[in-house]
Amino acid sequence: MSYYDQDKDTFIRKFELNEGQKQKLRNAFLNLNQLQYDDLGILDLIAEKNDKEVLDFLILRFKESAEQFVFEGDFYMSRIAQLSGREDLKQIMKKGEEIDMLSDNYETKSKEIIAEFIAKL
């Protein structure tokens, strides 16, 4: 998905979705009862600039699933911070990036970062 190419100068897509296809994909995304990690790649295809509907949905699903996160929480938070454009959320993300994934207390520290992030939402 395009998220993984974000640091490239040009993102090349062989096939573009038309507006009807994007709307169908958007509707399907917004009707998911639970988001899986893989579903988040769809955001690059459906989210508009200042898209409150998608952002609110993503925040809701993030809060509902936060207890289960260890690694995927970072990706959710990144997408929420990116879509919201909020610097306070981006600063919390930076704290999370400083945690060593191989440390014994990684899971505890990650959960603390997620809790802080949720408190700011």
Please tell me if the side chains of L121 and I80 come closer than 4.5 Å, counting only heavy atoms from C-beta onward.
-> yes
Value for CZ (R86) from CD1 (I92), rounded to nearest 0.5 Å, stands at 8.0 Å
In this structure, NZ of K52 is separated from CD of E48 (nearest 0.5 Å) by 15.5 Å
Looking only at heavy atoms, the pair that brings S110 and I99 closest together is N-CD1, 4.1 Å
(message) Do Y76 and L60 sit in one hydrophobic cluster, given that two such residues count as connected whenever their side-chain heavy atoms are within less than 4.5 Å of each other, even indirectly?
(response) no
E98/K95 ion pair, N-O < 4.0 Å
no
Checking K94 against E97 for the salt bridge (charged side-chain N to carboxylate O under 4.0 Å, His left out) test, could you report, in this order, the C-alpha distance in whole Å, the side-chain angles of both residues, the deciding distance, and whether it holds? CA-CA 5 Å; K94 285 184 182 179; E97 292 168 3; over 6 Å; no
CD of E19 to NZ of K22, rounded to nearest 0.5 Å, is 5.0 Å
A quick test of your reading: do over 12 heavy atoms of other residues, nucleotides or ligands sit less than 6.0 Å from CG of D104? no
Is the backbone of Q36 close enough, under 3.5 Å, to the side chain of D39 for a donor and an acceptor to pair up by distance? yes
Next on the checklist: Applying a strict under-4.5 Å side-chain criterion to I, L, V, M, F, W and Y, I'd like to know whether L17 and L43 cluster together.
Outcome noted: yes
**OP:** If the plane angle is over 60° it's perpendicular, under 30° parallel, otherwise tilted; pick one for Y37 and F75.
**Re:** tilted
Notebook entry, point to check: Heavy-atom distance under 4.5 Å between the side chains of K63 and I118, does that happen here?
Noted result: yes
Please tell me if the side chains of L83 and D51 come closer than 4.5 Å, counting only heavy atoms from C-beta onward.
no
Note: S78 and M93 closest approach over all heavy atoms is N-SD, 3.5 Å
Passes side-chain contact (heavy atoms from CB on, under 4.5 Å), L35 versus L58? Steps please. CA-CA 8 Å; L35 287 178; L58 185 58; 3.7 Å; yes
Separation between CD1 (I113) and OG1 (T108), nearest 0.5 Å, reads 12.0 Å
- Query: Any chain of hydrophobic side-chain contacts (each under 4.5 Å) joining L32 to I42?
  - Reply: yes
So do the side chains of K120 and Q91 get within less than 4.5 Å of each other, counting heavy atoms only? no
Quiz prompt | F62-F117 aromatic ring centre distance below 6.0 Å | solution = yes
Should we say atom NZ of K90 is surrounded by more than 12 heavy atoms from elsewhere, each under 6.0 Å from it? yes
CD1 of I46 to CD of E53, rounded to nearest 0.5 Å, is 8.5 Å
Exercise for review: Start with the C-alpha distance between M77 and L89, add both sets of side-chain angles, then the distance that settles side-chain contact (heavy atoms from CB on, under 4.5 Å), and finish with yes or no.
Suggested key: CA-CA 8 Å; M77 292 186 298; L89 298 179; over 6 Å; no
Discussion item. I'd like to know if the side chain of Q21 reaches the main chain of N18, judged simply by a donor and an acceptor atom lying under 3.5 Å from each other, with no hydrogens or angles considered.
Written reply: yes
Between R79 and Q82, is any side-chain donor less than 3.5 angstrom from a side-chain acceptor? yes
